[in-house]
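Step one of this worksheet: look at the structure below.
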2 protein chains.
Amino acid sequence: MISQTEENYLKALYNLTYLKGEATVNEISKRLDIKMPTVNSMMKKLSEKGFVHYESYKPLKLTEEGKKEAALIIRKHRLTEMYLVEKMGFAWDEVHQIAEQIEHIHSPEFFTKMDQLLGYPTVDPHGSPIPDHNGVMRSENYIFLDTCKIGNVVTLMAVQPSSKELLQYLNSKNLELGTTLTIHAIEPFDRSITVSYDSRSAEVLSSKVTATLLVRPIS
Amino acid sequence: MISQTEENYLKALYNLTYLKGEATVNEISKRLDIKMPTVNSMMKKLSEKGFVHYESYKPLKLTEEGKKEAALIIRKHRLTEMYLVEKMGFAWDEVHQIAEQIEHIHSPEFFTKMDQLLGYPTVDPHGSPIPDHNGVMRSENYIFLDTCKIGNVVTLMAVQPSSKELLQYLNSKNLELGTTLTIHAIEPFDRSITVSYDSRSAEVLSSKVTATLLVRPIS
DNA sequence: TTATTTTGTTAGTATAATCTAACTTGTTAG
DNA sequence: CTAACAAGTTAGATTATACTAACAAAATAA
Ligand SMILES: [Mn+2]
Ligand SMILES: [Mn+2]
Ligand SMILES: [Mn+2]
Ligand SMILES: [Mn+2]
């Protein structure tokens, strides 16, 4: 049996290692706001259980089993977020904390039912992919908005990371997934960009924002 | 803050005290399958927190605060069961274990939304009343089927207690809430009764079953 | 009413998950 | 290349929740 606490560590490690393939005790410590010695002993325990490759003073990695386990928790998290938005009428900035709890519910039937009712969605309300029931996560080749050039026309596909504050900021700008943006200017000093979309002709987005927006270039 | 574990003790105590007003360490121990010394120390802790009246060797009672706290957990449990049946398509015998977990989710918005979507229901799928948001539970004056007389015509209003096995037995007999039953015979030897309902003319129900069925006499 | 059984309590132990303090190892800035 | 700093580890303490063994009180039977 795997505890709620252990599940949260696995998920943190999965997310931290998603790009680089490894993570450190210190990073998990900061992510979960738990002191390093606690993280250290938990990593040893998860290593005992076969979910983590642990060697003293070396970076941490998930085993294949650990990856699958973590992906299945993330699956439950993202299915829940999608269900809350699509079926219960929550806004995309209201669902993360609830999903953070419901992801730990032990009931395959419950999540299977959600999946069915949603019509087997592949992304969550923030555009992140939902792993399949084997823990396999499809990766799309979207690019961050801050890597685009003047004149590019792009569609907003995902927000990552999607903090509540960022999502509320996007709400205030009427920027949602699927919106098509045209890039008119890039300020060299602070890398802020000027875009147009819908009926908005000249919105300025800071690099703090553009570094979180994943887009797909059109043509 | 009140832990998931503490919530389960409060709920057990509430249900055990519902009729008699008090319960014993031994009863809680059996109900939760937790040894008596553990229950004993938890009762002292809950007493410290103001939820339980504890005195050595005396029966246990909930304080007013404890009653309200417990009723609000039961509210979450029953709202969840109703939601699972009405909005997600689960059967009445599939929802208890899931609700047992979801009742511990901390999110007023989540349960408020459920309540809204359900249209503010007053009973759960097994006919038990759903406490209001102040923890007040309306009590209906239904009677158990095993107290009825020959010739009585009654409507099935609730099943209590509603074990999975019992619910499945009722499914197999096509007996559901709202069904109207006519009592034709009562066997003095084992108190089993013969009833008719819908197109079934002579179904025999044992006293084990009739002792769990709450009915409202017609006329 | 005494003896037996059941119930309740105390004491001591165990495991999970957290912390702080102190020490070790690794990394980085002069 | 060393000195300082950052990161990782070990040791020991703490809290929550459980257990068993032993004892005390209450209820029940003889
Ligand atoms: Mn989320
Ligand atoms: Mn979580
Ligand atoms: Mn239930
Ligand atoms: Mn529960």
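A, B, ... follow the sequence lines: proteins, then strands. Residue 1 opens every chain.
No hydrogens or angles considered: a donor-acceptor pair under 3.5 Å links the side chains of B:Glu7 and B:His104. Side chains of A:Asn26 and A:Thr24: a donor-acceptor N/O pair is absent below 3.5 angstrom, by distance only.
Non-hydrogen atoms lying under 4.0 Å from DNA chain D are contributed by nothing in residues 96-105 of chain B. Within residues 30-37 of chain B, the residues that place at least one heavy atom under 4.0 Å from DNA chain C are, in residue-number order, B:Met36, B:Pro37. Contacts between residues 15-29 of chain B and DNA chain C, defined by a heavy-atom separation below 4.0 Å, involve B:Thr24, B:Val25, B:Asn26, listed by number. Near-neighbour residues of DNA chain D inside residues 42-56 of chain B, defined by a heavy atom below 4.0 Å, number-ordered: B:Met42, B:Lys45.
Scored by the side-chain contact (heavy atoms from CB on, under 4.5 Å) test, A:Ala185 finds A:Thr194 as partners (sequence neighbours excluded). In this view, B:His77 and B:His96 satisfy the ring-ring contact (aromatic ring centres under 6.0 Å, His included) rule, not counting sequence neighbours. Scanning for side-chain contact (heavy atoms from CB on, under 4.5 Å) contacts around B:Ser41 gives an empty result, with sequence neighbours left out. Residues satisfying the side-chain contact (heavy atoms from CB on, under 4.5 Å) test with A:Arg216, not counting sequence neighbours, are A:Tyr142, A:Met157. B:Lys35 is linked by a side-chain hydrogen bond (donor to acceptor under 3.5 Å, both in side chains) to nothing, counting only residues two or more places apart in sequence or in another chain.
Between A:Thr5 and C:dA16 there is no side-chain polar atom (N or O) within less than 4.0 angstrom of OP1 or OP2. Considering only side-chain N and O atoms, B:Thr38 lies nowhere under 4.0 angstrom from the phosphate OP1 or OP2 of D:dT17. Between B:Tyr9 and D:dA18, a side-chain N or O to OP1/OP2 separation shorter than 4.0 Å is present.
Under the ring-ring contact (aromatic ring centres under 6.0 Å, His included) criterion, no residue pair touches residues 31-60 of chain A, with sequence neighbours excluded. Sorted by first and then second residue, the pairs that involve residues 59-73 of chain A and meet side-chain hydrogen bond (donor to acceptor under 3.5 Å, both in side chains), not counting sequence neighbours, are A:Glu64-A:Lys67.
Rounded to whole Å, the distance from CD on A:Gln4 to C1' on D:dT17 is 15 Å. Rounded to whole Å, the distance from CD1 on B:Ile2 to P on D:dT17 is 10 Å.
Tested against B:Met88, the residues A:Lys87, A:Glu109, A:Lys113 include a single side chain to side chain contact (heavy atoms under 4.5 Å, CB included) partner, A:Lys113.
With a cut-off of 3.5 Å on both Watson-Crick or G-U wobble distances, the partner of C:dG30 is given as D:dC1.
For the pair A:Ile193 and A:Val204, the minimum side-chain heavy-atom distance is 4.5 Å or more.
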Which donor-acceptor pairs under 3.5 Å do the side chains of residues 114-135 of chain B make with protein atoms, sequence neighbours left out?
{"from": "B:Asp115", "atom 1": "OD2", "to": "B:Arg75", "atom 2": "NH2", "distance (Å)": "2.9"}
{"from": "B:Asp124", "atom 1": "OD1", "to": "B:His126", "atom 2": "N", "distance (Å)": "2.6"}
{"from": "B:Asp124", "atom 1": "OD1", "to": "B:Gly127", "atom 2": "N", "distance (Å)": "3.1"}
{"from": "B:Asp124", "atom 1": "OD1", "to": "B:Ser128", "atom 2": "N", "distance (Å)": "3.1"}
{"from": "B:His126", "atom 1": "ND1", "to": "B:Glu81", "atom 2": "OE1", "distance (Å)": "3.2"}
{"from": "B:His126", "atom 1": "NE2", "to": "B:Trp92", "atom 2": "O", "distance (Å)": "2.8"}
{"from": "B:Asp132", "atom 1": "OD1", "to": "B:Asn134", "atom 2": "N", "distance (Å)": "2.7"}
{"from": "B:Asp132", "atom 1": "OD1", "to": "B:Gly135", "atom 2": "N", "distance (Å)": "3.1"}
{"from": "B:Asp132", "atom 1": "OD1", "to": "B:Val136", "atom 2": "N", "distance (Å)": "3.0"}

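Nearer to the 5' terminus of DNA chain C, by closest-nucleotide assignment, is the contact made by A:Ser41 (compared with the other of A:Tyr57 and A:Ser41).
Look at A:Glu6 and A:Lys11 and you find no salt bridge, because none of the NZ, NE, NH1 or NH2 atoms lies under 4.0 Å from a carboxylate O.
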